[in-house]
Amino acid sequence: MSAGATGRVVRGAVLSYRDDPTLVGPQSAVRFHPDGAVALGADGRIAWCGPAAGLPDRFRTAPADDYGTALVLPGFIDAHVHFPQYRMLAAPGTDLLDWLRRFAYPEEQRYGSAVYARAAADVFLDRLVQHGTTAAAVFSTVHRGAAEALFAAAERRRMAIMAGKTMMDRNAPAALRDDPAAGVRDSETLIERWHGRGRLRYAITVRFAVTSSEAQLAAAGELAARYPDCHVHTHLAENEPEIALVARDFPWAHDYTDVYDRFGLVGARSLFAHGVHLSARACARLSAAGATVVHCPTSNTFLGSGLFDLRRLKEGDHAVGIGIATDVGGGTSYSMLQTMGEAYKVAMLRGYRPAAHELFHLATRGNARRLGLDDQIGSLEPGLWADLVVLDPTATPVLAARHELSEGIADVLFALAILGDDRAVRATYVAGNRVWLRRPPQAP
Ligand code: GUN
Ligand code: ZN
């Protein structure tokens, strides 16, 4: 980090988390400067963060973006999202498997065309930043070219993207199937080319046990052992018919988690999307392995998959690491604000009321930890990448009216989680560059 050189200063109500507020209490977890400043280094990293009055002299002449009372937070991190589903939200499947067959698989077949994939990657990443999301763990398709297109587009934007080519060799249309050897070969090529290049990371990506043979799961496990600093990214225990299929096809397994476990796919770098229906045994195993279950609330309600039990997974005897994600296009919004709002409602239906700080922590530093990136992103410590989102708590008439009644920062955040969406995203910064600025609506 170049200590003196600064690109810009961003001013506003600056908020970030040092830790999980439900574990250590908001007092020591939350860093809040109502009149705050973040100095962005010329290297794209945070040079300084604190109360504006304390801004060191060397930053005082730097150009400033002053957002007044708007909130400045670390950019949102989406811990599970499908790039090739960027345009097929709101597809009315009767359940997960029907939705995959009738809507997801046909659309994903188009990514056999590199031209189509390249255009889609640009739209997809633009959409993320328009929603205040600056980093993500992303599913691609089975095609190597589609993952290439995504990595190349992310590199041009200097975004922290973790992605992988999807491995799937059965129970899917022929145009979406690879085979164990090809899956490994393509994954290796991509790992060698992209993993650790700039801000990019590779995740060994098995779609789910339904679409991989035992030979492919074994090959993926061997790959994970050979590249231990790559994450593993897959789906787990999302809905009942899916779980029944897995039980039928892998009769020797204790449960769905055990299928992945037997092939070496359950570890501290494993991201399991959904985990709506997990036995106590599975939770204990995931906990012991240090694995992550990624909560995808808008997807789980939209596809009728079930009500994720946030408290049980977080607080049980065998607490499991939790991430939070949109799961677009099973999910119905790119907005991590809407995702937090849905997580709140699902938790309420399970008898648990998450605090606003808990939700915002999950979507920032919590997800950074689960992606193994908390020394790079997720909070506003000097030296971390300057990925920021600026949120306007008065962005819409409804938010503005509610804001007049807000009592303190936790209440402001709560209203944003319940009522906010992309309209509340005033600006987004990636690696110190402002990549999105929302013009305030014109007066009528
Ligand atoms: N399980 C396997 N593939 C998918 C997918 O594309 N979306 C969701 N929500 N679940 C899956
Ligand atoms: Zn998914």
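As the structure lists them, so they are numbered: ligands from 1, and atoms in each ligand from 1.
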Tell me, please, if [X] has any N/O/S atom, main chain or side chain, under 2.8 Å from the Zn ion (ligand 2)?
X	answer
H274	no
H82	yes
E238	no

For [atom], find the nearest protein heavy atom and state the residue, atom name and distance (0.1 Å precision).
atom	value
atom 10 (N) of ligand 1	E238 OE1, 2.7 Å
atom 7 (N) of ligand 1	W99 CZ3, 3.5 Å
atom 3 (N) of ligand 1	R207 NE, 2.8 Å

Which angle, to 10 degrees, forms at the Zn ion (ligand 2) with OD1 of D327 on one side and NE2 of H235 on the other?
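OD1 of D327 and NE2 of H235 make an angle of 170° at the Zn ion (ligand 2), to the nearest 10°.
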Contacts of D229 that satisfy salt bridge (Lys or Arg N to Asp or Glu O under 4.0 Å) - sequence neighbours left out
none
For D327, atoms of ligand 1 separated by under 4.0 Å from a heavy atom
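Checking each atom against D327, I get 8 (C), 9 (N).
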Note: ligand 1 atoms sitting under 4.0 Å from heavy atoms of H82 are 5 (C), 6 (O), 7 (N)
Backbone, side chain, both or neither: what part of L96 comes under 4.0 angstrom of ligand 1, heavy atoms only?
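Near ligand 1, L96 shows its side chain, while the N, CA, C and O stay back.
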Ligand 1 versus T211: contacting region, heavy-atom distance under 4.0 Å
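The answer is neither; T211 stays 4.0 Å or more away.
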Are the aromatic rings of [X] and [Y] close, with centres under 6.0 Å apart?
X	Y	answer
Y116	Y111	yes
W194	F151	yes
Y202	H195	no

Check if H274 has a non-hydrogen atom at a distance under 4.0 Å from any atom of ligand 1.
yes
Would W436 and Q130 count as a side-chain hydrogen bond (donor to acceptor under 3.5 Å, both in side chains) if you check the C-alpha gap in whole Å, the side-chain angles of each, and the deciding distance to 0.1 Å?
CA-CA 6 Å; W436 174 246; Q130 287 160 12; over 6 Å; no
Is it the case that ligand 1 has an N or O less than 3.5 angstrom from some N or O of E108?
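The answer is no, given that E108 and ligand 1 share no N or O pair closer than 3.5 Å.
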If the plane angle is over 60° it's perpendicular, under 30° parallel, otherwise tilted; pick one for F360 and F76.
tilted
Whether D178 side chain and M168 backbone form a donor-acceptor pair below 3.5 Å
yes
Heavy-atom neighbours of R423 CZ exceed 12 at 6.0 Å
no
How is the N/O/S atom of H80 that comes nearest to the Zn ion (ligand 2) named?
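When I compare the N, O and S atoms of H80, NE2 is nearest to the Zn ion (ligand 2).
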Sequence-distant partners of F139, ring-ring contact (aromatic ring centres under 6.0 Å, His included), two or more places apart:
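With sequence neighbours excluded, F139 shows a ring-ring contact (aromatic ring centres under 6.0 Å, His included) to H80, H82, H233, H235, given in chain and number order.
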